[in-house]
2 protein chains.
Amino acid sequence: MTSAAKAVEELPGQNETDSLIPAAFRDVIGYHLRVAQEVSFQAFSAMLEKTDLKPGWYSILTILAEYDGLTPSELSKVCGRDRSTLTSTLKGLSIRGLIERRQNPDDQRSYSVRLTDEGRKMQARLHAFAQEHDRRLDAIVGEDKEALVAILARIVGALGKG
Amino acid sequence: MTSAAKAVEELPGQNETDSLIPAAFRDVIGYHLRVAQEVSFQAFSAMLEKTDLKPGWYSILTILAEYDGLTPSELSKVCGRDRSTLTSTLKGLSIRGLIERRQNPDDQRSYSVRLTDEGRKMQARLHAFAQEHDRRLDAIVGEDKEALVAILARIVGALGKG
DNA sequence: TATTGTTATACTCTATAACTATA
DNA sequence: TATAGTTATAGAGTATAACAATA
């Protein structure tokens, strides 16, 4: 067995899902950002297994709770995704009776999206999961939260969407 | 036009790729984590367009540079992914002459993976891109870097790989 | 029986390009 | 011509289950 293989065998944790952090990644912000976001997203996703909604749908419902009556194009701007990515989400939400589409009388090509009463209830339910998740993260981060959010926002501002 | 639609129209930035941050997400760590990781990863990916390698391959090359001679299973433990996800990556690296597979004389089922000289050169080249990206992030984060990495590591430790 | 690497398959998230129907 | 929404397609990243070869 090579020395490298030995190092792998001597993983610090007890179970085989633990992973080493290669030395080349130890002080790399991008690496830690990626791994932290991954575990955070997975923890949130796990909570949503009780529902039949995909994790990404929560943000759409929440945007609609805040900006009621947006068109798909407007919605795509708010969430920063291409409008084509919204089609299947809106279909899924519509099939479940969580949103309704209202034809725009001034432009036959377009329509506005509104939460139904059921949609509002579901948004509230998912929001409760999200808040539980947030509280967990807040507890982990502690008093550094404001600083953390500021740093992350700075990264987004500096690297942009380009 | 609804008031929500007006808010969208009055997006702060000049170009249409800017996105609002819905109030419900403003103080949510998970949201900022996701967006920051996304722009960071995209910035790094953009640098790798000069090569014919996928962004994820850099980490495999770098792990091999550090732990030479791992088997695919060992490699999968180090990078924390299922071993089936490595097959196509190893094939891609092998086709390009960046790694070589050495049959394990003690176990005919297995083999060890080594970087070729070309592989080492390519790893160094990608590592230079990564370092450039890291320097950018370091400049953005500034003196808070140690604290940031500590917080992110804490999140990973607390939420685990669940 | 258990493990190794591979294959087949599937799912999430995303994007681009082309299509349609309007404008 | 340009825009709104949709469709078709693709690609990166991931996972599970099953398979053949070997242990």
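Per chain, numbering begins at 1; letters A, B, ... match sequence-line order. Computed from heavy atoms alone, side chains included, the values below leave out hydrogens, waters and symmetry copies.
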Item to complete: List the steps and the verdict of ring-ring contact (aromatic ring centres under 6.0 Å, His included) for A:F44 and A:Y58.
Response: CA-CA 11 Å; A:F44 179 58; A:Y58 161 64; 5.7 Å; yes

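Per the geometry, CZ belonging to B:F41 stands 10 Å off P belonging to D:dA12, to the nearest Å. Remark: P of D:dA12 and CD of A:E38 are 18 Å apart, rounded to the nearest angstrom. For B:R83 and D:dT16, the CZ to C1' distance is 11 Å, given to the nearest whole Å.
Contact check for B:P72 versus B:R83: no side-chain heavy atoms found under the 4.5 Å cut-off.
No salt bridge links B:E74 with B:K77; every basic N to acidic carboxylate O contact stays at or beyond 4.0 Å.
In 5' to 3' order, the nucleotides of DNA chain C bounding all contacts with chain B (an atom under 4.0 Å from a heavy atom) are C:dA2 to C:dT7.
Using a 4.0 Å heavy-atom cutoff across all strands shown, A:D107 reaches sugar-phosphate atoms only and no base atom. Across all strands, B:T71 comes closer than 4.0 Å only to sugar-phosphate atoms, never to a base (heavy-atom distances).
Minimum atom distance to the side chain of A:T87 is reached by D:dT7, of the listed D:dA4, D:dT7, D:dA15. Looking at the side chain of A:S84, the nearest of the listed nucleotides D:dG13, D:dA8, D:dT3 is D:dA8. Nearest to the side-chain atoms of B:D82 among the listed nucleotides D:dT16, D:dA4, D:dT14 stands D:dT16.
Residues from residues 122-132 of chain B that place a heavy atom under 4.0 Å from any atom of DNA chain C: there are none.
The side chain of A:S73 contributes no N or O atom lying less than 4.0 Å from OP1 or OP2 of D:dT3.
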